[in-house]
Amino acid sequence: MGTTKVSGLKALQRRRLHLSITFIAVVIGFLLVTQLTMVTDIRVQLSDSTPEELALVISDLSRERDQLSQEILEIEGRLGEARSQEQNIRTVMDSAEEAQSALKITTGQGRVEGPGVSIVLIDPLEQVTAYDLLLLVRELMISGVEALAINDKRFVAGVELRQIDGIWLANTPISPPYRVEVIGEPGTIEQALSIRGGITDSLARLDEVSITVNEVPLLELPAAGLAKWRYSQILTNNDEGSEEDAG
Amino acid sequence: MLPVLGLIIGVLIGLLLRDVIVIPAEYSRYLSIGLLVALDSALGGIRSSLLKTFSDRAFVIGLLANLAMASLIVFLGDRLGVDLFLAAVVVFGVRIFNNLSRIRRNLFPLSQGAKDVDLVDGND
């Protein structure tokens with residue numbers, strides 16, 4: 001009885017062993033074939049091709065590589081172009097900003113400050129006329145004045161100085177003493193004012209009129225009112241076509 | 001006889017399914033390491049049966065563990081850019097030869113006093 005049991009156990013174990021190894025063998029066979037197929041497929045793909053085809057593949061690849069490097073060059077070129085354009089735009093912006101600030105100063109938009117000269121014209125008998133003041137202004141403009149104010153009123157293009165029963169500046173009457181403040185190179189202005197036979201000279205000859213010229217290291221001039229342009233329009237090259245649309 | 005039949009069946013399955021099961025080329029490493037593990041297990045099984053130490057549980061656990069470890073090593077090698085795959089190939093190659101030498105010694109015992117050399121002790 002005992003031996004039968006042992007031999008039965010052995011037979012069972014043998015069967016299990018055989019089954020295990022058979023299973024493994026199936027797996028090995030399958031893996032072997034799959035791996036072989038994969039490897040030969042790759043080889044066949046290359047070995048089936050004739051040298052001409054392989055050469056074609058190589059030349060295709062080289063062409064593609066050349067194209068790609070060409071593309072790199074192009075893109076780099078475009079990048080450089082964009083950078084230089086950006087630089088240009090920055091330069092244009094800078095000059096535009098400069099032009100804008102210059103315009104702001106000349107049209108009197110915004111307050112300005114800087115070194116300059118303060119001229120006080122004392123005229124108790126009110127002999128000085130608007131014409132005299134205009135001459136003074138012209139003299140100052142010639143001497144390179146950048147901004148000008150009379151009695152705390154900015155004097156810019158479009159602001160009139162008139163003589164109607166007294167002096168009117170921009171529709172408001174002004175009365176002596178007149179304080180003309182200008183921003184510019186103080187030395188040049190003083191020189192221009194001190195010319196013999198000039199406007200200051202002739203004004204000083206009037207009775208009881210006195211002119212004092214003082215150099216001021218930092219003057220602040222007020223802003224002029226916004227000038228309104230009703231008829232003039234700025235023409236640019238792009239606007240040429242739009243005239244008809246507006247018409 | 002049965003293992004040989006199994007091998008043939010495996011080959012046939014592989015041939016029949018070659019168009020159905022298409023494994024991408026980048027997995028060829030996993031396939032080859034799997035092949036090595038399977039070979040090692042088969043030889044290990046034969047060896048232990050000859051030594052009468054065969055246990056089907058140990059066999060299955062050993063096979064699965066080796067397979068998992070080998071796949072992990074190949075995967076890690078792929079990810080790290082280091083050929084850890086080669087380490088697995090070497091280890092399983094050595095084990096195969098080792099198993100083979102044990103089987104050979106068991107089938108054809110050495111004459112007394114003669115010595116054989118094991119490459120690496122690979123018994124499980």
Side-chain angles (χ1 to χ4, degrees), chain A residues 1-69 72, chain B residues 1-64 66-67 70 96 99 103:
Chain A
M1 278 298 280
T3 24
T4 343
K5 202 174 181 184
V6 168
S7 63
L9 253 172
K10 272 191 177 173
L12 186 75
Q13 217 169 16
R14 272 183 87 76
R15 207 182 306 146
R16 276 185 180 172
L17 168 75
H18 277 164
L19 276 176
S20 306
I21 292 180
T22 308
F23 170 71
I24 281 289
V26 172
V27 172
I28 289 173
F30 173 72
L31 286 178
L32 210 64
V33 168
T34 316
Q35 175 80 351
L36 265 176
T37 327
M38 190 194 294
V39 172
T40 43
D41 272 358
I42 295 168
R43 283 212 191 112
V44 163
Q45 270 174 14
L46 288 178
S47 63
D48 265 8
S49 337
T50 59
E52 285 79 22
E53 280 172 337
L54 287 177
L56 214 65
V57 167
I58 290 172
S59 80
D60 273 355
L61 286 174
S62 335
R63 200 179 316 131
E64 206 170 311
R65 191 200 52 201
D66 287 351
Q67 269 175 7
L68 286 175
S69 30
I72 289 174
Chain B
M1 206 48 216
L2 213 57
V4 178
L5 201 71
L7 195 69
I8 292 166
I9 289 169
V11 168
L12 283 177
I13 291 174
L15 284 174
L16 286 173
L17 297 181
R18 66 194 288 182
D19 294 327
V20 182
I21 300 175
V22 179
I23 296 169
E26 59 258 39
Y27 294 126
S28 105
R29 291 179 158 204
Y30 291 92
L31 218 59
S32 48
I33 206 78
L35 192 60
L36 275 178
V37 170
L39 259 177
D40 172 57
S41 290
L43 289 175
I46 294 170
R47 187 204 69 192
S48 56
S49 79
L50 289 174
L51 294 174
K52 297 187 171 49
T53 55
F54 180 79
S55 141
D56 48 354
R57 203 193 292 170
F59 179 82
V60 171
I61 290 173
L63 170 68
L64 292 179
N66 282 347
L67 216 73
I96 286 168
N99 283 334
I103 292 166

J.: Name the region of B:Phe54, side chain, backbone, both or neither, that has any atom closer than 4.5 Å to a heavy atom of chain A.
T.: both

J.: Please classify the contact of B:Leu5 with chain A as side chain, backbone, both or neither, using a heavy-atom distance under 4.5 Å.
T.: neither

J.: Under a 4.5 Å heavy-atom cutoff, which of B:Ser32, B:Ser55, B:Gly34 has the most pairs with chain A?
T.: B:Ser32

J.: Using the test side-chain hydrogen bond (donor to acceptor under 3.5 Å, both in side chains), find all partners of A:Arg15 that sit at least two apart in sequence or belong to another chain.
T.: none

J.: Identify the heavy atoms of A:Ala25 and B:Pro3 that sit nearest to each other, and give their distance.
T.: CB-O, 3.2 Å

J.: For the residue pair B:Ala38 and A:Val27, what are the closest heavy atoms and their distance?
T.: CB-CG1, 4.4 Å

J.: What distance separates B:Ile46 CD1 from A:Ser20 OG, expressed to the nearest 0.5 Å?
T.: 11.5 Å

J.: Applying a criterion of heavy atom separation less than 4.5 Å, what residues of residues 28-36 of chain A form contacts with chain B?
T.: A:Ile28, A:Gly29, A:Phe30, A:Leu31, A:Leu32, A:Val33, A:Thr34, A:Gln35

J.: What is the minimum heavy-atom distance between B:Ser41 and A:Ile24, and which atoms define it?
T.: CB-CD1, 4.1 Å

J.: Is the number of heavy atoms from other residues, nucleotides or ligands within 6.0 Å of CZ (A:Phe23) greater than 12?
T.: no

